[in-house]
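Take a look at the structure set out below.
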Protein chains: 2
Amino acid sequence: MSLDHLSQEHQDKVIKIRKRVIEAIGRSMDLYGVTQSTGHLYGLLFFADKPMTLDEMGQEMKMSKTSMSTSVRTLLDLQMVNKVWEKGSRKDLYEVEYDWFQTFTDYFAIEWRKSVETSLQIFRKSIEEMQKLIQDVPEEDAIRRVLMEDQRKMEEAVGYYLWLNRLIDSLESGDIYQLIPKDNPRDV
Amino acid sequence: MSLDHLSQEHQDKVIKIRKRVIEAIGRSMDLYGVTQSTGHLYGLLFFADKPMTLDEMGQEMKMSKTSMSTSVRTLLDLQMVNKVWEKGSRKDLYEVEYDWFQTFTDYFAIEWRKSVETSLQIFRKSIEEMQKLIQDVPEEDAIRRVLMEDQRKMEEAVGYYLWLNRLIDSLESGDIYQLIPKDNPRDV
DNA sequence: TAGTTTGTACAGTTTTTACTGTACGTTCTA
DNA sequence: TAGAACGTACAGTAAAAACTGTACAAACTA
């Protein structure tokens, strides 16, 4: 990691610091639903001062190349690492995406949207079908009240899904940064 | 489920609708990191017109009482169900929390905060230690640049964590609803 | 074209997680 | 106070996920 010219003592210190931070990153990455080890790999790449190959990763992580391949692929899907082209090298090179704001918003936008879209569709269809059913049932019947209650619950859920959809929109568009600015005057 | 007085045909329709919605809920609940079956249980409770006992759940879910016990406990921890007291009954009764806004914000507030707090602490400590190290190293040395780069990366990360902390604050305080109102005029 | 090198598919193994059944402590009931 | 009913701890089993090593297709090299 290009610390060669440092005294042994200093080298140890740097490695210790990095290792601790890498650990922290690895742990906190379960927010993104990835394995500890995938998170750990991300942490490793975080401190790498140049793009790494699968072999280098495997060496550092003391894990198989196959595992590195799958981990990197996961991180690529999450857009947390980028493939880098370097002339001369036949190997694939990867480096981390340092824009954590983007990483965060991308991930949850995708994850939440996936869930919302299908749910919304099903809830709406079900509300509609329930409506037809209610019209078939005599008024003021106990059973009618049960069905209407079902319907009400589903409509409330739809309200929530629509809100979540708008929240996702604001993550994607960046409007969220109007309410929560990237750098807060009070923190600086 | 108190649909007894309905014709067989209508009963089947209601059950079909409910089942479809329950499935959808069950699937979408993996957002909250719970098992399919725990999500499914939540869906079941969603349509229950009265609080349910563990035995009833087990019967409906065709699963062991033990599983119901652990699932319910998970949902209780996530504040997605509430324990209900009913005089006369010795059994514990549970009903869902219908406020999905609250459920959502609670969950992610807690989850994210957990991750941010520890990370922030570690990053800050590490930046500090790295600073000391940098002062030990001769100026304009290549190694110094590497350390300063490490430091810069960590400071950028801290910026992100502070932002996330503020986002969490706004979820917890409800300020988020100023940017994204619960009911959008355009949707109504 | 033959010979390397590189990334990944796939099968097998280990580890982890989900679920079940039994057993037991606690609480209510008579 | 004895007996029954309830929820859960715990141990065992089944299912799923993570990881490894081998093998192979594609891409490069000479």
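Quick note on labels: first sequence line is chain A, next is B, and so on, each numbered from 1.
For the side chain to side chain donor-acceptor pair (under 3.5 Å) criterion with A:Q151, the lone passing option out of A:E128, A:E129, A:Q131 is A:Q131.
Taking the six-membered ring where tryptophan is involved, the planes of B:W163 and A:Y177 are tilted, since the angle between them lies from 30° to 60°. Below 30°, between 30° and 60°, or above 60°: for A:W100 and A:F46 the angle between ring planes is between 30° and 60°, a tilted geometry. The aromatic rings of B:Y107 and B:Y32 sit perpendicular, their planes meeting at an angle over 60°, well past the 30° parallel limit.
Atom C1' of nucleotide C:dT6 and atom CD of A:Q59 are separated by 16 Å, given to the nearest angstrom. Taking atom CG of B:L93 as the reference point, atom C1' of D:dC6 lies 12 Å away to the nearest angstrom. Between A:D55 atom CG and C:dG7 atom P the separation is 7 Å, expressed in whole Å.
B:S37 comes within contact range of the sugar-phosphate backbone alone, with a heavy-atom separation under 4.0 Å but no base atom that close.
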Open item on the list: Base contacts versus sugar-phosphate-only contacts with protein, heavy atoms under 4.0 Å: please encode nucleotides 25-30 of chain C as B, S and - from 5' to 3'.
Closed with: --BSS-

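For DNA chain C, the neighbouring residues in residues 61-78 of chain A, judged by any heavy atom under 4.0 Å, are A:K65, A:T66, A:S69, A:R73.
Using a 3.5 Å distance cut-off with no hydrogens or angles, the side chains of B:D12 and B:Q8 do pair a donor with an acceptor.
In terms of hydrophobic clustering, with Ile, Leu, Val, Met, Phe, Trp and Tyr side chains grouped at heavy-atom distances under 4.5 Å, A:M57 and A:L76 are assigned to a common cluster.
Taking a cutoff of 4.0 Å between a charged side-chain nitrogen and a carboxylate oxygen, B:K153 and B:E156 do not qualify as a salt bridge. Under the 4.0 Å criterion applied to side-chain N and carboxylate O atoms, A:D169 and A:R113 are assigned as salt-bridge partners.
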